[in-house]
Amino acid sequence: MTDHRDLIAQLTLASINAGITQREISRRAGTDHSTVSRWERQQRTPMLDTFCRLAAAAGFSVVLVPLETSDAASGQKNGVSVAIMEDGT
């Protein structure tokens, strides 16, 4: 399962690669710049709805992806992973 710090790091890297600054992300998401900075430095963790707004502000969507694991006893697949995807896909 993906750790929340990994998701924030992925979003930060995607924003940098897209040339979007922290100030622009915070403006688009309606969030204070210093708060975005604390999230990116792993000092705070955003709530899921806020993380989704940040992803959207950077041009990405947050999606749930079924894990390809299975419970050997029941034969059923279980679990969910979270990923950020470029918007418009």
Side-chain angles (χ1 to χ4, degrees):
M1 180 172 279
T2 303
D3 184 275
H4 71 276
R5 292 174 297 234
D6 294 336
L7 289 173
I8 294 167
Q10 288 176 28
L11 181 57
T12 301
L13 182 60
S15 299
I16 290 169
N17 288 340
I20 304 170
T21 65
Q22 280 182 351
R23 287 195 189 280
E24 182 62 17
I25 291 285
S26 62
R27 185 191 66 75
R28 291 180 187 180
T31 305
D32 184 64
H33 170 258
S34 62
T35 302
V36 172
S37 177
R38 284 192 291 274
W39 291 329
E40 288 188 0
R41 289 179 292 156
Q42 308 292 324
Q43 293 177 339
R44 303 259 176 161
T45 302
M47 299 293 290
L48 181 58
D49 62 327
T50 305
F51 181 79
C52 291
R53 277 197 341 259
L54 292 171
F60 295 88
S61 298
V62 177
V63 296
L64 297 177
V65 181
L67 294 176
E68 292 299 323
T69 61
S70 62
D71 179 352
S74 68
Q76 294 181 342
K77 292 184 179 182
N78 53 36
V80 173
S81 180
V82 178
I84 57 172
M85 310 273 295
E86 191 169 352
D87 227 4
T89 58

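This structure is a prediction, so every number in the text was calculated from the model and none was measured.
R5 meets the salt bridge (Lys or Arg N to Asp or Glu O under 4.0 Å) test with D3; sequence neighbours excluded. Looking at residues two or more places apart in sequence or on another chain, you find a side chain to side chain contact (heavy atoms under 4.5 Å, CB included) between Q22 and H33, V36, S37, E40. Judged as a side-chain hydrogen bond (donor to acceptor under 3.5 Å, both in side chains), and not counting sequence neighbours, the contacts of T31 are R53. Partners of D32 under the side chain to side chain contact (heavy atoms under 4.5 Å, CB included) rule, at least two apart in sequence or in another chain, are S34, T35.
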- Steps toward side-chain contact (heavy atoms from CB on, under 4.5 Å) verdict (W39, T12): CA-CA 9 Å; W39 291 329; T12 301; over 6 Å; no
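Of all heavy-atom pairs between L11 and F60, the closest is CD1-CD1, 4.4 Å. The shortest non-hydrogen separation linking V62 to A55 is CG2-CB, 3.8 Å.
Contacts classified as salt bridge (charged side-chain N to carboxylate O under 4.0 Å, His left out) and involving residues 7-25 (residues at least two apart or in different chains) are given here: E24-R27, E24-R28.
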Please output the side-chain donor-acceptor pairs of residues 42-50 that fall under 3.5 Å, not counting sequence neighbours, one pair per line with the distance.
{"from": "Q43", "atom 1": "OE1", "to": "R41", "atom 2": "NH2", "distance (Å)": "3.4"}
{"from": "T45", "atom 1": "OG1", "to": "H4", "atom 2": "NE2", "distance (Å)": "3.2"}

